[in-house]
J.: 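Sending over a structure as structure tokens; questions will come in a sec.
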Amino acid sequence: MAFVTQHQIQKFHEDGFLVLEHFFTAEECDSMRNQIQRIIAEMEVPPHCRTEFSTKEEEQLRAQGSSDYFLTSGDKIRFFFEKGVLDERGDFLIPKEKSISKIGHALHAYDPVFKQITHSSKVQELGRKLGLERPVVVQSMYIFKQPGIGGEVTPHQDATFLHTEPLGRILGFWIALEDARQENGCLWFIPGSHTRGITRRMVRAASGTSTCVEFVGSEPAYDNSQFIPLPISKGGLILIHGEVVHKSELNSSESSRHAFTFHVMEAKDTSWSKENWLQPTPELPFPSLYT
């Protein structure tokens with residue numbers, strides 16, 4: 001693991017993100033990719049639960065918002081699909097392993113390979129270097145970014161979905177399991193955008209409404225010229241501040257862009273919003289990052 005310097009930590013606080021190349025070994029990346037293939041091989045998704053994953057607001061409310069399958073996935077390992085891969089009966093139009101958008105949101109808790117990576121000694125050491133005192137893991141996702149159809153992720157801030165009081169307590173760990181380049185949909189960021197607060201939240205809707213979640217506030221129109229791409233090699237780690245604005249484009253290449261990502265909250269003097277879609281459960285309270 002590359003040693004993390006004080007200068008790099010200062011850069012993270014300035015930019016809202018930090019690239020750490022070669023943080024994980026090729027073997028660690030391959031172990032996650034092999035494990036996810038085993039999980040897919042055993043996957044059985046009830047047709048009514050085949051939620052197509054989307055980040056465009058109206059589609060998000062339609063697909064995830066009306067789906068209990070999404071809303072109750074915080075303490076489970078569940079499957080979400082790209083748009084246009086299912087027919088009207090909910091059957092696959094293409095092979096299932098090529099149709100998955102992401103698997104979430106508790107791989108870190110229930111799968112031994114992803115649990116080991118999440119709580120690995122180098123991740124814990126990095127947390128301590130960043131000054132995290134009581135970090136807890138709130139969610140994890142395996143993202144496929146399928147070749148040709150891996151959908152764009154519109155500009156957003158993670159704190160829109162994972163809200164805390166005060167703000168500034170959410171940190172994303174984004175691990176490239178394959179080389180991520182502009183061609184296959186690497187992440188783009190607006191440096192310094194984490195200092196402006198948030199203007200939009202996704203919250204649980206009142207019971208009796210047609211969707212399970214709703215958006216409060218609106219995402220401002222971002223200037224595309226302010227985004228910079230962050231290509232990263234297999235094994236690299238991107239640290240993502242909960243309020244930094246980031247996105248990724250459609251993957252129109254012939255290469256996938258697999259990534260494993262998890263979010264940590266500094267639990268010391270922090271309250272997790274009861275309105276967040278994701279809630280700790282008696283079966284899975286948010287586990288400590290430090291073991």
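What's counted below: heavy atoms across the whole structure, side chains too, no hydrogens, waters or symmetry copies.
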J.: State which residues pass ring pair (Phe, Tyr, Trp, His ring centres under 6.0 Å) with His258; sequence neighbours excluded, sorted by chain then number.
T.: Tyr142, Phe144
J.: Look at Glu275 together with Arg201 and state whether they make a salt bridge at an N to O cut-off of under 4.0 Å.
T.: yes
J.: I'd like to know if Leu237 and Leu18 are part of one continuous hydrophobic network [Ile/Leu/Val/Met/Phe/Trp/Tyr, side-chain heavy atoms within less than 4.5 Å].
T.: yes
J.: After noting the C-alpha distance and the side-chain angles of Phe17 and His246, does the key distance pass the side-chain contact (heavy atoms from CB on, under 4.5 Å) rule?
T.: CA-CA 10 Å; Phe17 58 85; His246 57 292; over 6 Å; no
J.: Please determine if Asp30 and Lys234 form a salt bridge, counting it only when a charged side-chain N lies under 4.0 Å from a carboxylate O.
T.: yes
J.: For Thr25 and Glu28, work out which heavy atoms get closest and say how close.
T.: N-OE1, 2.8 Å
J.: Looking at every non-hydrogen atom in both residues, tell me the closest pair between His108 and Pro287 and how far apart they are.
T.: CD2-CG, 4.1 Å
J.: Does any part of the side chain of Arg134, heavy atoms only, come nearer than 4.5 Å to the side chain of Tyr290, both counted from C-beta?
T.: no
J.: With heavy-atom distances below 4.5 Å as the criterion, would you say the side chains of Met32 and Ile36 are in contact?
T.: no
J.: Looking at residues at least two apart in the chain, or sitting in another chain, which of them share a ring pair (Phe, Tyr, Trp, His ring centres under 6.0 Å) with Phe286?
T.: Trp272
J.: For Thr72, give me all partners under side chain to side chain donor-acceptor pair (under 3.5 Å), at least two apart in sequence or on another chain.
T.: Arg78
J.: Applying salt bridge (charged side-chain N to carboxylate O under 4.0 Å, His left out), can you list everything that pairs with Lys115, at least two apart in sequence or on another chain?
T.: none
J.: Answer whether the closest heavy-atom distance between the side chains of Thr118 and Leu107 falls below 4.5 Å.
T.: no
J.: Considering residues, nucleotides and ligands other than Glu283, do more than 12 of their heavy atoms fall under 6.0 Å from its CD?
T.: yes
J.: Please report the closest heavy-atom contact between Arg33 and Leu177, naming both atoms and the distance.
T.: CD-O, 3.8 Å
J.: Please enumerate all residues that pass side chain to side chain contact (heavy atoms under 4.5 Å, CB included) together with Thr160, with sequence neighbours excluded.
T.: Gln157, Arg200, Phe215, Glu219
J.: Treating Ile, Leu, Val, Met, Phe, Trp and Tyr as nodes and any side-chain heavy-atom pair under 4.5 angstrom as an edge, say whether Phe260 and Ile77 lie in one connected cluster.
T.: yes
J.: Taking the six-membered ring for Trp, are Phe114 and Phe262 closer than 6.0 Å centroid to centroid?
T.: no
J.: How about NZ on Lys247, more than 12 heavy atoms from neighbouring residues, nucleotides or ligands closer than 6.0 Å, or not?
T.: yes
J.: Are Ser255 and Asn184 close enough that a side-chain donor and a side-chain acceptor fall under 3.5 Å?
T.: no
J.: Test of understanding: with side chain to side chain contact (heavy atoms under 4.5 Å, CB included), list the residues that count as partners of Thr291, not counting sequence neighbours.
T.: His119, Gln124
J.: Apply side-chain contact (heavy atoms from CB on, under 4.5 Å) to Ile94 and Ile149, showing your working.
T.: CA-CA 11 Å; Ile94 62 175; Ile149 61 169; 4.0 Å; yes
J.: Do Val136 and Leu132 share a hydrophobic cluster (ILVMFWY, side-chain heavy atoms under 4.5 Å, transitive)?
T.: yes
J.: Determine whether Ile143 and Met43 fall in the same hydrophobic cluster, where Ile, Leu, Val, Met, Phe, Trp and Tyr are linked whenever their side-chain heavy atoms lie under 4.5 Å apart.
T.: no
J.: Tell me every residue that passes side chain to side chain contact (heavy atoms under 4.5 Å, CB included) with Glu97, counting only those two or more places apart in sequence or in another chain.
T.: Ile40, Pro95
J.: According to salt bridge (charged side-chain N to carboxylate O under 4.0 Å, His left out), does anything in residues 4-15 pair up with another residue at least two apart or in another chain? List the pairs.
T.: Lys11-Asp15
J.: Please name the pair of heavy atoms, one in Leu278 and one in Gly74, separated by the smallest distance, quoted to 0.1 Å.
T.: CD1-CA, 3.3 Å
J.: Name each donor-acceptor pair under 3.5 Å that joins a side chain in residues 162-175 to protein atoms two or more places apart or in another chain, with its distance.
T.:
unit_1, atom_1, unit_2, atom_2, d
Thr164, OG1, Pro166, O, 2.7
Arg169, NH1, Lys268, O, 2.9
Arg169, NH1, Thr270, OG1, 2.7

J.: Before giving the answer on side-chain contact (heavy atoms from CB on, under 4.5 Å), spell out for His263 and Met265 the whole-Å C-alpha distance, their side-chain angles and the decisive distance to 0.1 Å.
T.: CA-CA 7 Å; His263 285 89; Met265 173 180 72; over 6 Å; no
J.: When you compare the side chain of Glu82 with that of Ser101, does any pair of heavy atoms fall below 4.5 Å?
T.: yes
J.: Among all residues two or more places apart in sequence or in another chain, which pass the ring pair (Phe, Tyr, Trp, His ring centres under 6.0 Å) test with Phe92?
T.: Phe81
J.: Does Trp277 share a hydrophobic cluster with Ile103, counting links as ILVMFWY side-chain heavy atoms below 4.5 Å and allowing steps through other members?
T.: yes
J.: Show me the donor-acceptor pairs within less than 3.5 Å that the side chains of residues 186-197 make with the rest of the protein, sequence neighbours left out.
T.:
unit_1, atom_1, unit_2, atom_2, d
Ser193, OG, Ile190, O, 2.6
Ser193, OG, Val245, N, 2.9
His194, NE2, His13, O, 2.7
Thr195, OG1, Gly192, O, 3.0

J.: Kindly give the heavy-atom pair with the smallest separation between Asn251 and Ser256, and that separation in Å.
T.: ND2-CA, 4.0 Å
J.: Under 4.0 Å between a side-chain nitrogen and a carboxylate oxygen: does that hold for Glu214 and Arg204?
T.: no
J.: Let me see the working for Leu20 and Gln8 under side-chain contact (heavy atoms from CB on, under 4.5 Å), right down to the final yes or no.
T.: CA-CA 9 Å; Leu20 297 171; Gln8 286 175 307; 3.6 Å; yes
J.: Can we say Lys129 and Glu125 salt-bridge, meaning some charged N sits less than 4.0 Å from an Asp/Glu carboxylate O?
T.: yes
J.: Can Ser248 and Lys145 be counted as having a side-chain donor-acceptor contact under 3.5 angstrom?
T.: yes
J.: Give the other cluster members for Val216, using side-chain heavy-atom distances under 4.5 Å between Ile, Leu, Val, Met, Phe, Trp and Tyr residues; answer none if it is isolated.
T.: Val203
J.: Indicate the atoms forming the closest heavy-atom contact of Leu93 with Gly84, along with that distance.
T.: CD1-O, 3.7 Å
